[in-house]
Amino acid sequence: MSLITAPFTTASGADVVVRFCPSPTGTPHVGLIRTALFNWAYARHTGGKFVFRIEDTDAERDSEESFEMILDGLRWLGLNWDEGVGVGGPNEPYRQSERKHIYLEVIEKLKASGHIYESFLNAEEIDARNKAAGRAVQLGYDNSERELSAEQRAAYIAEGRSPALRLRVPDQDITFTDLVRGEITFPAGSFPDFVVVRPNGQPLYTLVNPVDDALMGITHVLRGEDLLSSTPRQIALYNAMYEAGITKFIPQFGHLPFVMGDGNKKLSKRDPESNLFHHRDRGFIPEGLLNYLALLGWGLSADRDVFSLDEFVAAFDVANVNPNPARFDQKKADAINASQIRLLAADDFKSRIVPYLQSAGVLGKTVSAEEDAILNAAAPLIQERITVLGEAPDLLAFLFKSAGEIVIEDDARNGLPDNAAEIAHVSADALEAVAEAEFKTEHIQQVLNAVLIEKMELKPRVAFGPLRTAISGRRISPPLFESMEILGKAETVSRLRAFA
RNA sequence: GGCCCCAUCGUUUAGCGGCCUAGGACGCUGCCCUCUCACGGCAGUAGCGCGGGUUCAAAUCCCGCUGGGGUCACCA
């Protein structure tokens, strides 16, 4: 007999209500965001509600700064919520730090119904009891205070001790059907009565999380696998809340696979790629990151891994989430992002690289009409060749500089032929003769081909390397002739002449 | 240690008993395209952890083992 069978009304028939409830500690982790994404997608897929709540019950570790970062991250990615922090809703407030009065009420009810009881033993005493009884210390609490007599209680109080509150865990197996893993059973006795309220009256996560889920009508709890073993405890609490008339049903649970780093360990906060903003700073676009994150434990189909958010939402179902741990593969993520960049409309792409050009100092705070024109011409040239937007500044900087500011990089200089300077100067002469109006990509190519390839009989590779270096200073650049057209005749000739 | 989860190419994933001499993607290698780098095209590389069952037939179902991970707080 498992607890979640009758008398519960399961959530399966109800409108879907999912939630994302991070605790604001540190910078947002990609695993956390993946969890948010799957919850969001499930809500959107089913036409349900996505609730955003903040679990800031640990004043020691929580910070407002971290809270702001989570908001920033969700907004950047476009993961909007229907109810919760910032947007309000019927279950305000949505920050646990502001909900203490609610928990106090629940605690009173649970006390009155006998589901939670006072526990005076401290950690040392619990260990001592286990040792004295010849039990392993790891067993923890032995439920010995379930039936404290009034005298015993009075004695503790007389000593000036205040009790913690523990949930009376039913002595029976607890079974539930995990949405991604199927049926899971925890045998009776897998864990002891656990503390839900500290002696100082502070309710703990063990209480507060299920209480909020119950009060907010959460139907599906989609969260990380690390919480799998706390699920039976929460089901026991739900059982108590049901019996105390606090909730009408129990949600369904689905535990999403871990996001792993290198080796066989979870992607740690120490790993730079765990940080959401690390990717934004490098120049991931939301479409790219979201697409990749969706692949962490899920797939659209056997032969497609680049897809839009809409396609993702239309196809997503928790039931199809893979239970295996997923590895965060930066190379694959980069490849997905590159593909998503290719799919952007030209205008859109242009506007997205601007902030990166600005923060790299290639462009100033305001973009002049002249610079905008260059961007319009140049952006399409690099949209096909970059992986992250952060590559744009290096690729485009030379277009916004003057001849004198071009610095020839060693990498570019090394591969050049001995007569590189001659090639540059001959080209300058040839281009000098081109009419201003004729200074277009195609014509530039014809002129240079004539003088370098045909007349000097150079291989294209040998001929154009020096020119690329002369005008851009780099070995890698946008296409050469297009770049020359953008620079204009005078600037191009000037750079070629300056090359030595 | 108790309890729980997981197990297909280097990585990720398809496969839910015969379509599998195991498919795709990323990566890697080679070739083609080519003014560099990319893009694109073509080809190649490499995998069902082990052992038992069940079955006419198992990557697919069952059991065991091994390996990995998580969790056992008056953290979340």
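Here the structure is a predicted model, which is why all the values come from computation and not from measurement. Naming convention: chains lettered A, B, ... in sequence-line order (proteins, then strands); numbering from 1 in each chain.
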Q: Got a salt bridge between A:D212 and A:R19, using NZ or NE/NH1/NH2 to carboxylate O under 4.0 Å?
A: no

Q: Applying a 4.0 Å non-hydrogen cut-off, can you work out what A:N322 is touching in the nucleic acid: base, sugar-phosphate, or nothing?
A: sugar-phosphate

Q: For A:R304, which contact category applies under a 4.0 Å heavy-atom criterion: base, sugar-phosphate, or nothing?
A: nothing

Q: Taking for each residue the nucleotide of RNA chain B bearing the nearest heavy atom, is the 5' side occupied by A:G140 or by A:P203?
A: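 Here A:G140 is the residue nearer the 5' end.
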
Q: What's A:R468 touching, base or sugar-phosphate or nothing? Going by heavy atoms closer than 4.0 Å.
A: base

Q: Need one value for A:A136: base, sugar-phosphate or nothing, where a base atom within 4.0 Å counts as base even if backbone is also close, heavy atoms only.
A: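 Nothing: the residue A:A136, judged by heavy atoms under 4.0 Å, touches no strand.
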
Q: For this output row, return yes or no: ring centroids of A:H220 and A:F38 closer than 6.0 angstrom.
A: no

Q: For B:C16, does either OP1 or OP2 sit under 4.0 Å from a side-chain N or O belonging to A:N320?
A: no

Q: One thing to verify: whether A:R166 and A:E118 come together as a salt bridge, which I'm taking to mean a side-chain N less than 4.0 angstrom from a carboxylate O.
A: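 Salt bridge between A:E118 and A:R166, a charged N being under 4.0 Å from a carboxylate O: no.
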
Q: Between B:C74, B:C26, B:C3, which nucleotide gets closest to the side-chain atoms of A:K331?
A: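 My answer, after comparing the listed nucleotides, is B:C26.
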
Q: Under 4.0 Å, counting only non-hydrogen atoms across every strand here, what does A:P325 touch: a base, just sugar-phosphate, or nothing?
A: sugar-phosphate

Q: Out of B:C3, B:C74, B:G70, which nucleotide sits closest to the side chain of A:A164?
A: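 Looking only at side-chain atoms, A:A164 lies closest to B:C74.
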
Q: Salt bridge or not for A:D347 and A:R352, using N-O below 4.0 Å?
A: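 Salt bridge: no.
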
Q: Which is true for A:R475 with a 4.0 Å heavy-atom rule: it touches a base, it touches only sugar-phosphate, or it touches nothing?
A: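 Base, at least one base atom sits under 4.0 Å.
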
Q: Looking at A:G31 and A:V259, what are the two nearest heavy atoms and their distance?
A: CA-CG2, 3.8 Å

Q: So what does A:P257 hit on the nucleic acid, given a heavy-atom distance under 4.0 Å: a base, only sugar-phosphate, or nothing?
A: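 Nothing, no nucleic acid heavy atom in range.
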
Q: Mind checking if A:F194 touches a base, just sugar-phosphate, or nothing, with heavy atoms under 4.0 Å?
A: nothing

Q: What is the base-pairing partner of B:U71, counting Watson-Crick and G-U wobble geometry with both distances under 3.5 Å?
A: B:G2

Q: Name the nucleic acid region contacted by A:P323, choosing base, sugar-phosphate or nothing; use a 4.0 angstrom heavy-atom cut-off, strictly under.
A: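 Sugar-phosphate, no base atom in range.
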
Q: Using Watson-Crick or G-U wobble geometry with both distances below 3.5 Å, tell me the partner of B:G18, or none.
A: B:C56

Q: Just name whichever nucleotide pairs with B:A46, Watson-Crick or G-U, keeping both distances under 3.5 Å, else none.
A: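 B:A46 is unpaired by these criteria.
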
Q: Would you please classify the geometry between the A:F328 ring and the A:H279 ring as parallel, tilted or perpendicular, with 30° and 60° separating the classes?
A: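 A:H279 and A:F328: tilted rings.
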
Q: How many whole angstroms separate atom CG of A:D334 from atom C1' of B:A25?
A: 15 Å

Q: Could you tell me the Watson-Crick or G-U partner of B:A7, where both distances fall under 3.5 Å? Say none if there is no partner.
A: B:U66

Q: Using side chain to side chain donor-acceptor pair (under 3.5 Å), reason through A:Q96 and A:D56 one step at a time and then give a plain yes or no.
A: CA-CA 6 Å; A:Q96 290 183 334; A:D56 53 350; over 6 Å; no

Q: Base, sugar-phosphate alone, or nothing: which one does A:T387 contact when heavy atoms must sit under 4.0 Å apart?
A: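 Nothing, no heavy atom under 4.0 Å.
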
Q: Is A:R233 positioned over the aromatic face of A:F186, cation under 6.0 angstrom from the ring centre and no more than 45 degrees off axis?
A: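 Output no; distance or angle outside limits.
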
Q: With a non-hydrogen cut-off below 4.0 angstrom, is A:L121 in contact with a base, only sugar-phosphate, or nothing?
A: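 Contact class for A:L121: base.
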
Q: Within the structure, does a side-chain N or O atom of A:R342 lie under 4.0 Å from either OP1 or OP2 of B:A38?
A: no

Q: Look at the side chain of A:F258 and decide which nucleotide, out of B:U71, B:C74, B:G69, has an atom nearest to it.
A: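 Shortest atom-to-atom distance from the side chain points to B:G69.
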
Q: Tell me whether the side-chain N/O atoms of A:N324 come closer than 4.0 Å to OP1 or OP2 in B:C6.
A: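 Negative; the distance criterion is not met.
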
Q: Rounded to whole angstroms, how far apart are CG on A:L381 and C1' on B:C39?
A: 13 Å

Q: When you check the phosphate oxygens OP1 and OP2 of B:C37, does a side-chain N or O of A:R385 lie under 4.0 Å from one of them?
A: no

Q: Look at all strands and tell whether A:F464 reaches a base, only sugar-phosphate, or nothing, counting heavy atoms closer than 4.0 Å.
A: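 Sugar-phosphate only.
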
Q: In terms of side-chain heavy atoms of A:R327, which of B:U11, B:U13, B:A76 is nearest?
A: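 The answer is B:U11, which lies nearest to the side chain.
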
Q: Between P on B:C39 and CD1 on A:I476, what's the gap in Å once rounded to a whole number?
A: 12 Å

Q: Taking only the side-chain heavy atoms of A:D303 (C-beta and beyond), determine which of B:C3, B:C35, B:G24 contains the nearest atom.
A: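 Within the option list, the nearest is B:G24.
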
Q: Would you mind pulling out the nucleotide paired to B:G40, Watson-Crick or G-U wobble, both distances under 3.5 Å?
A: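 WC or wobble partner is B:C32.
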
Q: Can you tell me if the side-chain N/O atoms of A:S230 get under 4.0 Å from OP1 or OP2 in B:C72?
A: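 Answer no for this pair, as no side-chain N or O of A:S230 is under 4.0 Å from OP1 or OP2.
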
Q: Let me spell it out: for each of A:L204 and A:A333, pick the nucleotide of RNA chain B with the closest heavy atom. Which residue's pick is nearer the 5' end?
A: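 The 5'-side residue here is A:A333.
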
Q: Using a heavy-atom cut-off of under 4.0 Å over every strand shown, decide if A:L227 touches base, sugar-phosphate, or nothing.
A: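 The residue A:L227 makes base contact.
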
Q: Using a cut-off of 4.0 Å on non-hydrogen atoms, how would the nucleic acid contact of A:S23 be classed: base, sugar-phosphate, or nothing?
A: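 Since only primed, P, OP1 and OP2 atoms lie under 4.0 Å of A:S23, the category is sugar-phosphate.
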
Q: Among B:G10, B:U71, B:C5, which nucleotide has an atom closest to any side-chain atom of A:D329?
A: B:G10

